[in-house]
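Position 1 is the first residue of the sequence, and the numbers go up from there. In each ligand, atom 1 is the first atom listed, and ligand 1 is the first ligand listed. If you're wondering where the values come from, they're calculated on a predicted model, not measured in any experiment.
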Amino acid sequence: MITSKLPNVGTTIFTTMSQLAAETGALNLSQGFPDFDGPQGLRDAVVRHINSGHNQYAPMTGLPALREQVAAKVARQYGARVDANSEVTITPGATEAIFCAVQAVVRTGDEVIVFDPSYDSYEPSVELAGGRCVHVQLDARNFSIDWQKLADALTPRTRMIILNSPHNPSGALISSADLEQLAQLIEGRDIYLISDEVYEHLVYDGVRHASVLANEALYSKAFVVSSFGKTYHVTGWKTGYVIAPPALSAELRKVHQYVNFCGVTPLQWALADYMAACPEHVEQLPGFYQAKRDLFCDLLTPSRFSFSRVAGTYFQLVDYSQIRPDLNDVDMALWMTREHGVATIPVSVFYQTPIPEQRLIRLCFAKREETLREAAKKLCVI
Ligand code: PMP
Ligand code: GLN
């Protein structure tokens, strides 16, 4: 019998719920992905590049034209001056970027702080590096960082902190004041950061995303990760990037070149073309998704779910205490899928120690208007 290196890991909740949705024919608001396509110009560009011979390995660090577009974008958005050659690496998805950043830094016995509820890929990456996650709970009311809890969790073994803003699953944002506070807390310590900013362009109500790229002190120790999948409605392309200072990028690339070597070539060409031709795409995204959030929330107002509109991401958390307080959230998600035809994600799976009285499920609103209307109709009669 093989002894598992990841004894606590099973099939992810995203696979489980998407499979159940397919089996039962439920509307799938569980796993986060759009039910519409990315821009036509972007899809046409992939076909063009496949047909013009861009089908062999890309450079290990990513196509120069795409790295330059990323550097130009972060200069425009965050005033960050990063060198496309030595600081930007294109990866096959943000997941691979996070994995490689962890492997590059974390050693046996190191501690990595994650904030619960936390995204599911962080802990297995840390464990495979021989490290241990220390789970610090976010404030249960608004999912903000409890600075005292964080200060208390720091030890001489703390090697890394993983931030995620906009935050999956809550949609909460970290502010630039939060980043200042964090910079003070870790000043002079040998601690690195991963800043998972895959939802960087999905921030609503006129708020600007506070990127670690805009905080010099933090950036000097950080791997900042994003995903073209979220930004261009193409999650299945599994293409992302990581920006880190040259010395950190060099270490990350040592891992990346043996985990995957490079990202998919024609996708990188197409993304580079599209970013050059359509820089306004990212400016239009907040409005595009805010309209979906508002439509969905307006439609849910007559329902028995309670919620406050999310500040970012394409997920809306809703509280079902008025409906089935007797069910825990996993059972609620199963019941809703089987009996009411809407698949969702229970929030407790993002916790090491779930909060027993919490009654929250996550709904993905990256959907066409007709899907949102149909889902809301079903949700309003539960
Ligand atoms: N981090 C978070 C918080 C996410 O929600 C996702 C989406 N799956 C990822 C990372 C991974 O992104 P990708 O699909 O580009 O690997
Ligand atoms: N990030 C997506 C979510 O939160 C899931 C991606 C996956 O299935 N690994 O729904």
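A distance limit of 4.0 angstrom between heavy atoms and ligand 2 selects the residues F14, Q31, G32, Y119, N168, Y199, K230, F315, R362.
In the displayed structure, Q322 atom CD is contacted under 6.0 Å by at most 12 heavy atoms of other residues, nucleotides or ligands. In this structure, E280 places its CD atom where more than 12 heavy-atom neighbours from other residues, nucleotides or ligands lie under 6.0 Å away. The local environment of CZ in R157 is sparse, with at most 12 non-hydrogen atoms from other residues, nucleotides or ligands closer than 6.0 Å. Within 6.0 Å of atom NZ in K149, more than 12 heavy atoms from other residues, nucleotides or ligands are found, so the atom counts as buried in its surroundings. Other residues, nucleotides and ligands place more than 12 heavy atoms under 6.0 Å from the CZ atom of R309.
The heavy atom nearest to atom 5 (O) of ligand 1, out of those in F315, Y199, W237, is found in Y199. Nearest-residue assignment for atom 8 (N) of ligand 1 (options F228, F14, F33, Y119; heavy-atom criterion): Y119.
Scanning the protein for heavy atoms near atom 1 (N) of ligand 1, the closest one is D196 OD2, 2.6 Å. With hydrogens left out, the protein atom closest to atom 12 (O) of ligand 1 is A94 CB, 3.5 Å, a heavy atom. Summary of contacts: the protein heavy atom closest to atom 11 (C) of ligand 1 is T95 OG1, 3.3 Å.
Heavy atoms of T235 stay at 4.0 angstrom or farther from ligand 1. A heavy-atom separation below 4.0 Å is found between K230 and ligand 1.
By the 30° and 60° cut-offs, the orientation of the rings of W269 relative to H54 is parallel. Ring orientation note: the planes of F365 and F296 are tilted relative to one another, at an angle of 30° to 60°. Aromatic ring orientation, F261 versus Y57: perpendicular (interplanar angle above 60°, classes split at 30° and 60°).
Checking N215 against S176 by side-chain atom types alone, no donor-acceptor pair falls below 3.5 Å. Side-chain polar atoms of H135 and E123 form a donor-acceptor pair below 3.5 angstrom.
Between F288 and F36, a ring centre-to-centre spacing shorter than 6.0 Å is recorded.
Between Y122 and ligand 1, no pair of N/O atoms sits closer than 3.5 Å. Not a single N or O atom of I98, backbone or side chain, sits closer than 3.5 Å to an N or O atom of ligand 1.
Only side-chain heavy atoms of N164 come within less than 4.0 Å of ligand 1; its backbone N, CA, C and O stay farther off.
Shown in contact with K238 at under 4.0 Å from a heavy atom are these atoms of ligand 1, numbered in order with element: 13 (P), 14 (O), 16 (O). Short contacts between ligand 1 and S227, defined as distances under 4.0 Å to a heavy atom of the residue, involve ligand atoms 13 (P), 15 (O). In summary, the atoms of ligand 1 found under 4.0 Å from a heavy atom of G93, numbered by their order in the structure, are 15 (O), 16 (O).
A donor-acceptor contact shorter than 3.5 Å is absent between the side chain of D331 and the backbone of N328.
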